[in-house]
Amino acid sequence: DAGITQSPRYKITETGRQVTLMCHQTWSHSYMFWYRQDLGHGLRLIYYSAAADITDKGEVPDGYVVSRSKTENFPLTLESATRSQTSVYFCASRLDRGREKLFFGSGTQLSVL
Amino acid sequence: QKEVEQDPGPLSVPEGAIVSLNCTYSNSAFQYFMWYRQYSRKGPELLMYTYSSGNKEDGRFTAQVDKSSKYISLFIRDSQPSDSATYLCAMSPDRGSTLGRLYFGRGTQLTVWP
C-alpha cells in the first residue's frame with residue numbers, strides 16, 4: 001500500500017503499560033512527525049525526525065520515546081502510559097526541509113484506562 | 001495566550017451558503033499560512049497554502065491573509081455537504097524550518113446540510 005499508514009487504528013490500554021504506535025511511509029520522505037490531537041488543544045507536536053537516526057523533541061515530548069532506524073518507519077512508544085495520554089495520535093511526513101505540505105496518516109485512537 | 005486562535009464552532013450552514021472561517025495569531029514572524037481539512041476519523045489534508053499577505057483562489061475556496069491584522073480567512077463559496085469537515089489553520093515562520101513545526105489552530109467544525 002502506498003502512502004502513510006498507522007497501526008493500530010484503535011488501542012485500549014491500562015495505566016503503567018508500555019504501548020507502541022507504529023507509523024510507516026512508502027514515499028521515502030525525509031521528515032516524519034508525531035502529533036497528538038485533543039479537544040481544546042488542537043494538534044501538538046510530540047517528536048519529529050529529519051532523517052534516519054535523527055530525532056528531536058517537539059512541544060509535548062514528556063512520556064514519549066521515538067526511534068527511527070529506517071527511513072520508512074517512525075514508531076512512538078509510551079513507556080508507562082498515563083490517562084493524560086489518552087488522545088488521537090497522528091503520524092505525518094514531509095518530503096524534505098523546503099516543502100510545506102505535511103501528509104498525515106489516519107490516526108491511532110488511544111485510550112488509557 | 002495561544003499563538004494561533006481559532007473558533008472551534010460548530011458552524012452549521014445550508015447548502016449553497018458562503019462560509020467564512022478565520023484564525024488570528026500573535027507571532028508576527030509567521031509568513032506561511034495553510035488550511036487543512038480533516039474529515040471525521042481521518043488525518044488532516046492540505047487544502048490551501050499561501051505565503052505572506054494576499055489572496056489565493058482555488059475553485060470554490062479562497063484563502064486570505066492580512067498580516068497587518070494578524071488575521072487569516074478561508075472562504076468557501078457554494079458550500080456542499082461534502083465540505084462538512086473540521087478546518088484547521090496552520091502557520092509557520094519559515095519554509096520547512098528545521099524544527100518542522102507548524103502552529104495549528106484548534107480547528108473549526110463545519111456542517112453543510114442539504
Side-chain angles (χ1 to χ4, degrees), chain A residues 3-10 21 23-25 29-51 54-61 66 68 74 87-110, chain B residues 1-10 21-27 30-52 56 58 63 65 72 85-109:
Chain A
I4 185 166
T5 55
Q6 292 183 237
S7 61
R9 192 79 172 86
Y10 302 94
L21 310 183
C23 179
H24 175 78
Q25 53 105 352
H29 284 177
S30 297
Y31 281 80
M32 295 187 76
F33 308 84
W34 275 106
Y35 286 87
R36 59 178 290 174
Q37 187 173 38
D38 305 285
L39 283 174
H41 289 283
L43 283 164
R44 292 182 290 175
L45 182 65
I46 304 171
Y47 268 95
Y48 81 102
S49 169
I54 300 174
T55 62
D56 208 345
K57 297 177 180 178
E59 184 184 0
V60 288
V66 294
R68 194 161 176 213
F74 191 39
S87 185
V88 181
Y89 291 84
F90 288 100
C91 180
S93 71
R94 190 178 75 206
L95 178 59
D96 57 36
R97 179 176 175 172
R99 308 298 177 105
E100 303 80 16
K101 184 175 181 178
L102 287 180
F103 295 84
F104 285 85
S106 294
T108 294
Q109 188 168 323
L110 176 67
Chain B
Q1 180 191 8
K2 285 178 65 70
E3 291 194 83
V4 181
E5 297 283 357
Q6 183 177 12
D7 186 340
L21 304 168
N22 311 293
C23 287
T24 59
Y25 62 95
S26 56
N27 188 343
F30 289 146
Q31 297 190 74
Y32 296 88
F33 304 92
M34 288 140 274
W35 286 94
Y36 280 80
R37 178 174 61 194
Q38 184 178 18
Y39 291 114
S40 180
R41 285 185 278 278
K42 296 288 187 182
E45 56 180 346
L46 184 65
L47 185 63
M48 297 284 285
Y49 160 79
T50 53
Y51 168 69
S52 195
K56 184 173 184 178
D58 184 2
V65 175
I72 70 170
T86 296
Y87 291 81
L88 301 100
C89 62
M91 45 200 80
S92 173
D94 52 30
R95 188 175 187 184
S97 66
T98 300
L99 183 58
R101 183 179 175 184
L102 292 181
Y103 294 77
F104 283 90
R106 290 187 293 170
T108 299
Q109 185 180 341

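What you see below is based on every heavy atom in this structure, not just the backbone, and it leaves out hydrogens, waters and symmetry mates.
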* Asked: If we only count heavy atoms from C-beta on, is the A:Leu102 to B:Tyr36 side-chain gap below 4.5 Å?
  -> yes
* **Heavy-atom pair count under 4.5 Å with chain A, highest-scoring of B:Glu45, B:Lys42, B:Gln6** => B:Lys42
* What part of B:Pro8 lies closer than 4.5 angstrom to a heavy atom of chain A: side chain, backbone, both or neither? -> neither
* **Closest contact, heavy atoms only, B:Gln38 versus A:Phe90** => NE2-CZ, 3.2 Å
* If you round to the nearest 0.5 Å, how far is NZ of A:Lys101 from CG of B:Leu102? -> 13.0 Å
* **With A:Thr55 via side chain to side chain donor-acceptor pair (under 3.5 Å) - residues at least two apart** => none
* Can you find a pair of side-chain heavy atoms, one from B:Leu88 and one from A:Gln37, that are under 4.5 Å apart? -> yes
* Quick one: side chain to side chain donor-acceptor pair (under 3.5 Å) partners of A:Gln25, sequence neighbours excluded? -> none
* Asked: Atom CZ of A:Arg44 and atom OH of B:Tyr103: how far apart are they, to the nearest 0.5 Å?
  -> 14.5 Å
* To do: Tell me, yes or no, whether the heavy-atom count around A:Glu59 atom CD, taken from other residues, nucleotides or ligands under 6.0 Å, exceeds 12.
  => yes
* Could you tell me which portion of A:Tyr47 (side chain, backbone, both or neither) has an atom closer than 4.5 angstrom to a non-hydrogen atom of chain B? => neither
